[in-house]
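Side chains are part of it too, since the values below use all heavy atoms of this structure and drop only hydrogens, waters and symmetry mates.
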Amino acid sequence: PEPVSLDNSFLANRTRQVWLPSSVLTIRDGTPAIAPQGTNTRYRAYAFDAAAVESLVGDWVLPQDFVSTLAFNIVWTNLGAGAGDVVWRVIASTRSDAADLNAAAEFDTSDTITAPAQDILKVSTHTVAVTGTLGQVVQFIIVRMGTDAADTLANDAGLLGLSLSWTADM
């Protein structure tokens with residue numbers, strides 16, 4: 001008989017994702033306002049001001065199939081007619097039972113992203129090498145660094161939400 005070749009590719013790790021709409025996030029700094037945006041198909045977004053540092057905070061629990069590489073996919077748009085760049089910053093930490101919720105962040109990354117045209121969807125990915133286990137809480141802060149010299153978009157950036165993605169164990 002001929003040897004049997006087993007295709008185990010279906011056992012490989014996969015990417016999973018979860019959607020966190022902006023409405024589940026809480027204002028941490030500044031006064032970003034959440035409101036319906038657009039004129040035809042309305043969408044809900046936090047308006048992050050161009051002349052300020054404004055941020056939202058949230059948390060999420062690592063699922064059972066989490067292996068590594070948590071990506072914060074910031075889903076946003078340009079709320080005005082201007083052009084320029086936006087500096088987005090992601091600050092994150094994992095916390096276990098009995099951990100200090102006020103401890104310093106473990107991850108802090110900033111990226112300068114060219115803004116899309118008004119009301120055009122943009123997804124900006126910020127990847128962090130999170131190590132964690134089932135049940136750990138991921139605390140995160142999403143920041144528009146409007147006062148940074150590299151942030152040149154002179155109008156509001158609208159945050160629709162986050163798509164968190166990770167490598168999952170199959």
Side-chain angles (χ1 to χ4, degrees), residues 15-62 66 68-95 101-132 137-167:
T15 300
R16 300 262 192 252
Q17 69 178 5
V18 64
W19 171 247
L20 299 177
S22 58
S23 60
V24 302
L25 305 175
T26 303
I27 296 172
R28 180 177 185 270
D29 297 303
T31 56
I34 191 166
Q37 307 289 342
T39 54
N40 293 319
T41 303
R42 304 286 282 177
Y43 58 92
R44 182 180 49 216
Y46 269 104
F48 281 76
D49 189 42
V53 174
E54 295 184 323
S55 63
L56 301 174
V57 63
D59 46 51
W60 180 69
V61 176
L62 291 176
F66 178 82
S68 65
T69 315
L70 183 62
F72 292 84
N73 304 293
I74 299 174
V75 180
W76 64 287
T77 191
N78 180 350
L79 293 178
D85 294 335
V86 173
V87 177
W88 289 109
R89 181 177 176 197
V90 175
I91 304 165
S93 296
T94 55
R95 305 287 188 225
L101 294 173
N102 211 22
E106 299 167 332
F107 310 99
D108 190 338
T109 179
S110 297
D111 288 303
T112 303
I113 311 293
T114 300
Q118 185 174 3
D119 296 326
I120 300 299
L121 188 68
K122 178 78 174 172
V123 179
S124 303
T125 300
H126 303 260
T127 303
V128 293
V130 170
T131 55
V137 174
V138 177
Q139 295 176 299
F140 59 86
I141 305 167
I142 306 300
V143 186
R144 179 182 180 186
M145 304 294 293
T147 58
D148 190 293
D151 191 310
T152 58
L153 182 66
N155 50 266
D156 291 350
L159 179 78
L160 284 75
L162 296 172
S163 173
L164 299 179
S165 58
W166 66 94
T167 302

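- Judged by distance alone, the side chain of Glu54 and the main-chain N or O of Asp49 form a donor-acceptor pair under 3.5 Å.
- The two atoms that bring Val86 and Ala115 nearest to each other are CG2-CB, 4.3 Å, heavy atoms only.
- Applying the side-chain contact (heavy atoms from CB on, under 4.5 Å) test to Asp59 and every residue at least two apart in sequence or in another chain returns Val137.
- Scored by the salt bridge (charged side-chain N to carboxylate O under 4.0 Å, His left out) test, Asp151 finds Arg144 as partners (sequence neighbours excluded).
- Each ring pair (Phe, Tyr, Trp, His ring centres under 6.0 Å) pair with one or both residues in residues 70-90, not counting sequence neighbours, appears once here: Phe48-Trp88, Phe72-Phe140, Trp76-Trp88.
- With rounding to the nearest 0.5 angstrom, the NZ atom of Lys122 is 14.0 Å from the CG atom of Leu160.
- Two residues are said to be in side-chain contact when any heavy atoms from C-beta on lie closer than 4.5 Å; Val61 and Val138 fail this criterion.
- When the side-chain contact (heavy atoms from CB on, under 4.5 Å) test is applied to Phe107, the partners found at least two apart in sequence or on another chain are Ala92, Val128, Val130.
- Residues satisfying the side-chain hydrogen bond (donor to acceptor under 3.5 Å, both in side chains) test with Thr77, not counting sequence neighbours, are none.
- By the side-chain hydrogen bond (donor to acceptor under 3.5 Å, both in side chains) test, Ser163 pairs with Gln17, sequence neighbours left out.
- Looking only at side-chain heavy atoms (C-beta outward), Asn78 and Ile120 stay at 4.5 Å or farther from each other.
- Summarising the geometry of Leu70 relative to Phe66, their closest heavy-atom pair is CB-CE1, 4.3 Å, with the distance given to 0.1 Å.
- Asp29 meets the side-chain hydrogen bond (donor to acceptor under 3.5 Å, both in side chains) test with Ser55; sequence neighbours excluded.
- Taking both residues in full, the closest heavy atoms of Ile113 and Ser124 are given as CG2-OG, 3.5 Å, listed atom of the first, atom of the second, then distance.
- Rounding to the nearest 0.5 angstrom, the gap separating the CG atom in Leu162 from the CD1 atom in Ile74 is 6.5 Å.
- Considering only residues two or more places apart in sequence or on other chains, Ala33 meets the side-chain contact (heavy atoms from CB on, under 4.5 Å) condition with none of them.
- Applying the side-chain hydrogen bond (donor to acceptor under 3.5 Å, both in side chains) criterion to Thr69, with sequence neighbours excluded, gives no partner residue.
- With sequence neighbours left out, the salt bridge (charged side-chain N to carboxylate O under 4.0 Å, His left out) criterion links Asp148 to no other residue.
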List the atom pairs, donor and acceptor, that lie under 3.5 Å between side-chain atoms in residues 34-47 and the rest of the protein, sequence neighbours left out.
unit_1, atom_1, unit_2, atom_2, d
Arg42, NH1, Gly38, O, 2.3
Tyr43, OH, Asp119, OD1, 2.4
Tyr46, OH, Leu25, O, 3.4

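- Of all heavy-atom pairs between Ala50 and Ala154, the closest is CB-C, 3.6 Å.
- A salt bridge (Lys or Arg N to Asp or Glu O under 4.0 Å) check over residues 108-117, counting only residues at least two apart or in different chains, returns the pairs Arg89-Asp108.
- Atom-to-atom distance recorded for Thr26:OG1 and Ile141:CD1 is 11.5 Å, nearest 0.5 angstrom.
- Across every non-hydrogen atom of Thr127 and Ala71, the tightest pair is OG1-CB, 3.9 Å.
- The heavy-atom pair separating Thr94 from Glu106 by the smallest distance is N-OE1, 2.9 Å.
- A 4.5 Å side-chain heavy-atom check between Ile27 and Pro32 finds at least one atom pair inside the cut-off.
- Within the 3.5 Å criterion, the main-chain N or O of Asp85 finds a donor-acceptor partner in the side chain of Thr152.
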